[in-house]
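A short worksheet on the structure shown next.
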Amino acid sequence: MNLITLLKQTTSKSLDSLYQVKIQPDQVLVNATKPEFEGDYTIVLFAFVKQLGKSPEQVGNDLGNAMQNALPSIITNFNIVKGFLNFTIRNDYWLEFIQHLSPNELLPPAINKKKIMVEYSSPNTNKPLHLGHLRNNFLGWSIAEILKLQGHEVVKTCIVNDRGIHICKSMIAWQLFANGATPNSTQKGDHFVGDYYVKYNDAFKAEVAELVAGGMMQETAEKEAPILKAAHEMLLKWEQGDAATLNLWKKMNNWVYEGFEVTYKKIGSDFFKTYYESNTYLLGKELVEEGLTKKVFYQKEDSSVWIDLTPDGLDEKIVRRKDGTSVYMTQDIGLAQLKQKEFNTDASIYVVGDEQNYHFKVLKLICQKLKQPAADGIYHLSYGMVELPTGKMKSREGTVVDADDLVDEMINISKEKTEALGKVSDFTQAKLTELYNTIGLGALKFFLLRVDPKKKMIFNPEESIDFHGFTGPFIQYTHARIKSILRKTGTAFTITPNELLPLEKQLAIELSSFPAMVNEAADNLDPSKLAIYAFNLAKLFNTFYAEHSISNAESEVKKQLRIQLGVLTAATLQKAMSALGIAVPEQM
RNA sequence: GGUUCGGUAGCUCAGCUGGAUAGAGCGUCAUCCUUCUAAGAUGAGGGCCAUUGGUUCGAAUCCAAUCCGAAUCACCA
């Protein structure tokens, strides 16, 4: 059992037998003892002192003695400072921990296994992926991995927004300006199509300006611009199944998919199933009828269908237009139902930006009111936008940090830095390429995953992403460093250790908290918890490394103990990083 | 205007289910490679935790108000 859990339970039991008070184990606050005080773990007493009517010293003394008697093989000592009861754990406990832990036992104990869907990435097909999509992709992939570490079955899906006005804009611009040009070897298909999306917008703005110069109101002009009307017409033709339009649509989408595939492969995104909006946008139509029958929805005179969410503190929301077509919301309800039919998951996580918070609140609410089986399992993993120092990125303005460009840049930087350090001169070209990819992507992924997903983050393109300090390469380096030592020392561990220095103990404590960290990251759907943990562990190891020699340890016993600490640290770093989608090299 | 989210060191961020003197990284300055990988370590400096009030033995953390910023409130997706 986890030591902190044990301390909590024992505290609860001890308080009961001492004072006949019931305090639940999870009400007991156990912290790591601050370095300036003596001890390893601290129980905060204030919480119970009041209801016991005794002084903190009295309670601390009683509880300390009781705990020590209850756990003689674990607690060696305790002291009380103000309302804080500090316990020192027996070195034998940690030695036992180090000696018997195998790298495969680092994970949290299995809990009740669930089937969970993670929908992420979900690109539009009118433009290439940018930095914001990278945050989405890395988050989704990492969340899936973290849930797997907890023992769940995960189904990764993606919904491609392959139809609608946005792609029609790229299509119309291509017709107008491309002269039949197609993607070539110097430009990926997604970038090629994205250029026409920008060209569309430039033309639109020029037309609007012209109309305004002719005396039209800005607002009217933005609706009357000929190129916009052409795009709308094209959308209409698409919906009517016009062959020429569908052909162009397929052709351009395929260019985009070819481009996406290259990017996904490079960044490691994968999906068990990909849904296409062109196949799902008609879903949910029968749900509208169902909702009307159940009186969840109501119809207005113009025959449009609505749901009144004002009792829930929200607004009225339309679910079917007066022309009978369904809206985005309805499609999403339909898709949720379809996913449930196909996969029967216990929970469904949508990795979507926080601009859609309202949408997902409404989606879940409507599904619940319709009594859909999937409703309660809907969870919107809302993440903040990635912004530039100048503000939001806008694809139509062309002010985006392109995903492919950034990935390439990171890989190039890692190449330069690696060459400058000259530590892998024995590598083949293939191994070098792999290493540059590992480090470059490691830096990028870590940069995007190390912050709380909920918070928006700022990326400054002027300052390249760091390779020192709180970064992916720092942790990768620490791993490579450990492996380098272990290659020389071997990993034999046959002698029973009998003493433990402070830094060795700290490492053991840090290692022991990994399973709890996995659970915390999973429960909060927050990979940054693991990123921070991995960084702290790596930093601690580096301090330890600078202070104590492994291969030239004071004695054979010490050497073996430290080798084992190295083995466990490397394995833990590897597991934590792999849950972030980051590989750790053996040498760098 | 309604709703929601955010404001912590020069910059980027932890800490937020209340607990000891608020922490990292970057940047700045100063040390440490004839010894296991210096993408490293050690130290210095840097803070009215947006503001004001409240609850509490105790508040960056909870509550209220205010200020600032963002998202959203479409018969767009």
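Sequence lines set the chain letters: A, B, ... in the order given, protein chains first and strands last, and positions in each chain run from 1. Computed from a predicted model, the values in this text were never measured in an experiment.
When each of A:Phe535, A:Phe467, A:Phe446 is paired with A:Phe474, the ring-ring contact (aromatic ring centres under 6.0 Å, His included) condition holds for A:Phe535 and for no other.
Nucleotides B:A60 and B:U52, compared at atom C1', are 16 Å apart to the nearest Å. Taking atom C1' on both B:G18 and B:C63, the two are 13 Å apart, rounded to the nearest angstrom. If you take atom P in B:U55 and the same atom in B:C67, they sit 24 Å apart, rounded to whole Å. Taking atom C1' in both B:G2 and B:G58, one finds a spacing of 37 Å when rounded to whole Å.
Contact annotation: A:Ser551 does not reach the phosphate of B:C36 (side-chain N/O to OP1 or OP2, under 4.0 Å). Between A:Lys317 and B:C73 there is no side-chain N or O to OP1 or OP2 distance below 4.0 Å. OP1 and OP2 of B:G40 both lie 4.0 Å or more from every side-chain N or O belonging to A:Thr478. Proximity of A:His468 to the phosphate of B:G25: no side-chain N or O atom is located under 4.0 Å from OP1 or OP2.
In this model, no side-chain donor or acceptor of A:Asn126 finds a partner on the base of B:A77 within 3.5 Å.
Counting any heavy atom pair closer than 4.0 Å across all strands shown, A:Thr418 reaches a base atom. Across all strands shown, A:Thr42 has heavy atoms under 4.0 Å from base atoms, whether or not it also approaches the sugar-phosphate. Across all strands, A:Ser304 comes closer than 4.0 Å to base atoms (heavy-atom distances). Note on A:Glu520: nothing from the nucleic acid sits closer than 4.0 angstrom, heavy atoms only. Across all strands, A:Asn86 comes closer than 4.0 Å to base atoms (heavy-atom distances). Counting any heavy atom pair closer than 4.0 Å across all strands shown, A:Phe535 reaches sugar-phosphate atoms only and no base atom. Residue A:His548 is classed as a base contact, given a heavy-atom separation below 4.0 Å to a base. Counting non-hydrogen atoms under 4.0 angstrom, A:Phe474 reaches the backbone sugars and phosphates but no base.
Ranking B:A24, B:C76, B:A41 by closeness to the A:Ile165 side chain, first place goes to B:C76.
Remark: the backbone N or O of A:Asn124 is not paired with any side-chain donor or acceptor of A:His166 at under 3.5 angstrom. A donor-acceptor pair under 3.5 Å is absent between the side-chain atoms of A:Ser425 and the main chain of A:Gly422, judged by distance alone. A donor-acceptor contact shorter than 3.5 Å links the side chain of A:Asp526 to the backbone of A:Ser528.
Put simply, NZ on A:Lys558 is 17 Å from C1' on B:C36, counting in whole angstrom units. For A:Leu561 and B:C36, the CG to P distance is 21 Å, given to the nearest whole Å. Spacing between atom CG of A:Asp323 and atom P of B:C76 amounts to 9 Å, rounded to whole angstrom units. One interatomic measurement links the two molecules: OH of A:Tyr281 to C1' of B:C75, which rounds to 16 Å at whole-angstrom precision. B:G25 atom P lies 12 Å from atom CG of A:Asn542, rounded to whole Å. Put simply, CG on A:Asn460 is 14 Å from P on B:G27, counting in whole angstrom units.
Residues A:Ser382 and A:Asn357 bring a donor and an acceptor atom of their side chains to less than 3.5 Å of each other.
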- Query: Nucleotide by nucleotide, 5' to 3', does protein get under 4.0 Å of the base (B), only the sugar-phosphate (S), or neither (-) in nucleotides 3-14 of chain B, counting heavy atoms?
  - Reply: ----S----SSS

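Taking syn as a glycosidic angle within 90° of 0, B:C29 does not qualify and is anti.
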- Message: A:Lys415 vs A:Glu419, test: salt bridge (charged side-chain N to carboxylate O under 4.0 Å, His left out). Steps then yes/no.
- Response: CA-CA 6 Å; A:Lys415 178 172 187 274; A:Glu419 282 171 352; 3.4 Å; yes

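Of all heavy-atom pairs between A:Thr125 and A:Ile167, the closest is O-CD1, 3.5 Å.
Look at A:Tyr358 and the base of B:C73; the rings do not stack under the cut-offs of 5.5 Å between centres and 30° between planes.
The residues A:Arg163 and A:Glu239 are annotated as salt-bridged, a charged nitrogen and a carboxylate oxygen being separated by less than 4.0 angstrom.
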